[in-house]
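Note on naming: letters A, B, ... go to the chains in the order of the sequence lines (proteins, then strands), and numbering restarts at 1 for each one.
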Amino acid sequence: MLDINFIRQYPEEVKSGLKRKGVDPKLVDKFLRLDEEWRAKTAALDQLKSEQNKVSAEIGKKKSAHGMSQAKLLKNRISEIKSEYDEIDAKRNEVLALLPNLPAPEVPTGEGEKDNKVVREVGEKPTFDFKPKDHLELGEALGILDFEAGAKVAGSGFYYLKNDGVLLELALVRYALDFLAEHGFSLWFTPDLAREKFYLGTGYSPRGPEAQTYEIKDSDLGLIATSEISLAGIHSDETLIETDLPRFYAGYSHCFRQEAGGYGKYSKGLYRVHQFTKVEMFAFTKPEDSPEVHRMLLEMEEKLWQGLGIPYRVVEMCTGDLGAQAARKFDLEAWMPGRGDYGEITSTSNTTDYQARRLNIKYRNGDGKSVFVHTLNGTAVATSRAIVAILENYQTKQGTIRVPKILRDYVGKLEIG
RNA sequence: GGUGGGGUGGCCGAGUGGUUGAAGGCGGCGGUCUUGAAAACCGCUAUAUCCGAUAAGGGUAUCGUGAGUUCGAAUCUCACCCCCACCGCCA
């Protein structure tokens, strides 16, 4: 959620931010009109309540027929104005929710994926003296991946990991957690379910046509799409201590996504699935620290993936590809020989105070004023896509998989095959 | 899952319909006293929002959350959330 005072004070800046994100800037005018009405109604309502408080106090001292009839009139009037106020308040909040976070000034302007900027390419793409297979073919042949059984039991887009597939996933998780713990992150296993208000607070809206999340019937719980949700929620409605910032959390969870309509060559196999395991990084910072912390999260991601020996490139999202929450976002895309192209494996966002404002997470600064923190998130390892990248990059002519050096102790073997 | 108890300001803790934003204490800040410190004493000490000049000042809201009864709710009613104790069940 954007700062209402900022919108009032700098509507042109907000509009140009929306334009850059490809959102209709007229929303700002719409909001300001509703805000104007809202303020008028608030004033009217407060005025009436003030009178009511006075009259009631009088009655408390001394009952009188005149006072009572006056009070009853006021009561009716207040309920009329209150319902008008409620209506405007709801509309105003609706429009406010449609306003995305503003892009940081240095973000390249663009409409979508095609305008994203490749920042750098790192690592050597492997060369094969045979036609490399894709991870699905490799994984099923090796008996470490079973989509057929997944489809039978849970439906299309679900899968089983088996034997060395299990060891590989656990190795990836442990590798990421060890690495992050070494770098000052506290480790968290989070709930895989969360209340609806946390989806709303983190931009994974559970309702409506774009629904991405699974909901639990007859409850306000849903399966989380990322532990960003459960990690951000930890400190909702809290005021953090300044000297405790920045705080770095590493969260492990399963992630569940409906991914409606997302099939095709590029979403084959493990690349796009309804359930996967992820180690996520999350940070709470002072506003002035967030750009630096964002750089650091990106660095963590790069080191993790360099450690795995996977060639990747860093891509900065253009304004049109930031989504509602992010002011700035970088993806890591791994080279995937099976498709002969790069595929997204991590994503790190600085959501500035957009998320914190909604979740009401503050800290008290040196002047004793409480201000909203900045929140940032980044993928350490999403095991499903990591397995895609490893199988495809480390495959041999025989269809076996060399285990990346850094995972060998965790997996307990040199080769899967 | 059952039964019982409970959620009040930074913390503890009063308060069962009428100047209660809320007694008292602790903590914190400022001051008096002191060579200095402690003690003692005095004063101050929530947040959000609206009006206002980014002032002075004022209004409104907030006692787990939401709705309701009432002229008036921390206090009464209902629903929900959470915590504690005991019992049951269970990996």
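When heavy atoms are screened at a 4.0 angstrom cut-off, A:R92 is found touching no nucleic acid atom at all. Across all strands, A:Q52 comes closer than 4.0 Å only to sugar-phosphate atoms, never to a base (heavy-atom distances). Looking at heavy-atom distances under 4.0 Å, A:K75 makes contact with a base.
Between A:K72 and the phosphate of B:C71, there is a side-chain N or O to OP1/OP2 separation shorter than 4.0 Å. A close approach under 4.0 Å does not occur between any side-chain nitrogen or oxygen of A:R8 and OP1 or OP2 of B:U54. Distances shorter than 4.0 Å separate none of the side-chain N or O atoms of A:R364 from OP1 or OP2 on B:G28. The side chain of A:S50 places an N or O atom within less than 4.0 Å of a non-bridging phosphate oxygen (OP1 or OP2) of B:U60. The phosphate of B:U60 (OP1 or OP2) has a side-chain N or O of A:N53 nearer than 4.0 angstrom. Remark: A:K61 is not in phosphate contact with B:U19, judged by side-chain N or O atoms under 4.0 Å from OP1 or OP2.
Comparing B:G17 with B:G58, their P atoms sit 31 Å apart, to the nearest whole Å. The same atom, P, is picked in B:G43 and in B:C81; the two are 46 Å apart, to the nearest Å. Rounded to whole Å, the separation between the P atoms of B:G25 and B:U65 comes to 27 Å. Comparing the P positions of B:A46 and B:A38 gives a spacing of 24 Å, expressed to the nearest Å. When the C1' atom is compared between B:U62 and B:A56, the two are found 25 Å apart, to the nearest whole Å. Comparing B:U16 with B:G72, their C1' atoms are spaced 16 Å from each other, to the whole Å. Distance noted for atom P between B:G66 and B:A74: 13 Å (whole Å). B:G28 and B:C33 have their P atoms separated by 22 Å, given to the nearest Å.
Within the shown strands, B:G59 is the pairing partner of B:U49 under the Watson-Crick or G-U definition, both distances less than 3.5 Å. B:C86 and B:G2 make up a base pair, with Watson-Crick or G-U wobble contacts both under 3.5 Å. Summarising the base pairing, B:C29 is matched to B:G43 through a Watson-Crick or G-U wobble pair whose two defining distances lie under 3.5 Å. B:G66 is paired with B:C78 under the criterion used here, namely a Watson-Crick or G-U wobble arrangement in which both key atom distances are under 3.5 Å. Nucleotide B:A23 forms no Watson-Crick or G-U wobble pair with any nucleotide shown, as no partner meets the under 3.5 Å limit on both distances.
In this structure, A:E58 atom CD and B:G18 atom C1' are separated by 12 Å, rounded to whole Å. In this structure, A:R39 atom CZ and B:G52 atom C1' are separated by 12 Å, rounded to whole Å. A straight line from OH of A:Y363 to P of B:U47 spans 16 Å, rounded to a whole angstrom. Note: CG (A:L48) to C1' (B:C71) measures 14 Å, nearest angstrom. Computed from coordinates, the A:M68 CE to B:U70 P distance equals 11 Å when rounded to whole Å. Between the NZ atom of A:K82 and the P atom of B:C50 there is a distance of 17 Å, given to the nearest Å. Atom P of nucleotide B:A48 and atom CG of A:D3 are separated by 12 Å, given to the nearest angstrom. Residue A:K49 contributes atom NZ, which lies 13 Å from atom C1' of B:G72 at whole-angstrom precision.
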Report task. Decide yes or no on salt bridge (Lys or Arg N to Asp or Glu O under 4.0 Å) for A:E36 and A:R33, but give the supporting numbers first. Result -> CA-CA 5 Å; A:E36 203 60 45; A:R33 268 200 306 279; over 6 Å; no
Requested in this report: Report the C-alpha distance between A:F284 and A:Y249 in whole Å, list the side-chain angles of each, state the deciding distance to 0.1 Å, and finish with yes or no for ring pair (Phe, Tyr, Trp, His ring centres under 6.0 Å).
Outcome: CA-CA 9 Å; A:F284 301 87; A:Y249 292 27; 5.4 Å; yes
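Candidate nucleotides B:C71, B:U60, B:U47 were compared by shortest atom distance to the side chain of A:D46, and B:U60 ranks first.
Atom NE2 of residue A:H183 and atom CZ of residue A:F248 lie 11.0 Å apart, to the nearest 0.5 angstrom.
No more than 12 heavy-atom neighbours from other residues, nucleotides or ligands sit within 6.0 angstrom of NZ on A:K30. In A:R174, the CZ atom is not crowded: 12 or fewer heavy atoms of neighbouring residues, nucleotides or ligands sit closer than 6.0 Å.
No salt bridge links A:K91 with A:E94; every basic N to acidic carboxylate O contact stays at or beyond 4.0 Å.
Mapping A:V55 and A:E51 onto RNA chain B by nearest heavy atom places A:E51 closer to the 5' end of the strand.
Considering every non-hydrogen atom in both A:S290 and A:T285, the closest pair reads CB-OG1, 3.5 Å.
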